[in-house]
Amino acid sequence: MTQIKITFLGTSGSMPTPERGSSSQVIRFGRELLMFDCGEGTQRQMVKAHIGFQRHMRIFISHMHGDHVLGLPGMLQSMSLLGREKPLYIYGPEGLVEYIKAFSDSLGGPTFPVILHEINEPGIVLETEEYRVEAIRAIHRETAWSYGFFEFPRPGRFYPEKAVKLDIPKGKLWGRLHHGEIIELNGRKIYPDKVRGPERPGRTIIYSGDTAPNEKLIELSKDADLLIHEATFLDELAARAAEDGHTTAYQAAQIAKEAEVKLLVLTHISPRYPESEILRLEAENVFKDVLVAEDFLELELPLK
Ligand SMILES: [Zn+2]
Ligand SMILES: [Zn+2]
């Protein structure tokens, strides 16, 4: 049973402020680390949050704006200094490879393999045994991606007492039934449903990156456990938001409501709002289960 913890490392839009670092958040999925965006100063935020540099790690970059990628050179350098050997996987839009090559050429390349994957079309970016990550096009001033993390459903709970009652010997057969196999024992067929509960749905996290309100994102977010949506502005600046390819707190709340997500967390807050409470209040008029992310906010997604 894998623990899912989300830590917000940087929650400011465009530039850091005394309270907020540049964009970055991580999903801790068991021992694995999935980072979404890596704004300037992300490595220091990781140190403060006690997240080590030696983990199995994948980074997903939403787009090539400085407030989302300037943390990469520093973080890769620190990883090299600390002797990282494990490969690091980085996914992102066109331009990612050129950017990493440019700073590696002038600063010296990392001492560990960096495996780069430029995303050219929407779809599944990564699939493991336990989850998949999907990208859809965001609506921003340049190519940008929004990401969805989807944990696969897990087998239902296994009831040993039921297996004992059915005279199924403990051991391999129990495991096979738990994983959904129909087994045959002394000429009788035993179906997994006899000894286990219903399949438990996986957990879902959506990250908008920088984007104007996007119908496709509503689809992707349907029933999500957590929607991390940018809310750069208050709705009084809706025209400015549209022009720059951003979303207001009010619009983000509408998206959360339409998608019927369980929790909405607003991030990428403009430095013009040192008191972010006003964003929450605006969103709350539309959607009750909303938080404004602060740096180092940590959430745990309970098992379903
Ligand atoms: Zn941004
Ligand atoms: Zn941007």
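First listed ligand is number 1; within each ligand, the first listed atom is number 1. Because only heavy atoms are used, hydrogens play no part in the values below, and waters and symmetry mates are left out as well, while side chains stay in.
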So which of the N, O or S atoms of [X] lies nearest the Zn ion (ligand 1)?
| X | value |
| --- | --- |
| D67 | OD2 |
| D210 | OD2 |
| H268 | NE2 |

| query | Should E294 and R20 count as an ion pair when the cut-off is N to O under 4.0 Å? | reply | yes

| said: One thing to verify: whether E260 and K222 come together as a salt bridge, which I'm taking to mean a side-chain N less than 4.0 angstrom from a carboxylate O. | reply: yes

| query | Is the distance between the Zn ion (ligand 2) and the nearest N/O/S atom of H140 smaller than 2.8 Å? | reply | yes

| Side-chain donor-acceptor pair present, E130, T128, cut-off under 3.5 Å | no

| request: Write the atom name of the N, O or S atom in H65 that is nearest the Zn ion (ligand 2). | output: ND1

| task | Give me the ring orientation class for F29 and Y131: parallel if the planes are under 30° apart, tilted from 30 to 60°, perpendicular past 60°. | result | perpendicular

| request: Anything under 30° is parallel, anything over 60° is perpendicular, the rest tilted; go ahead and classify F36 against F60. | output: parallel

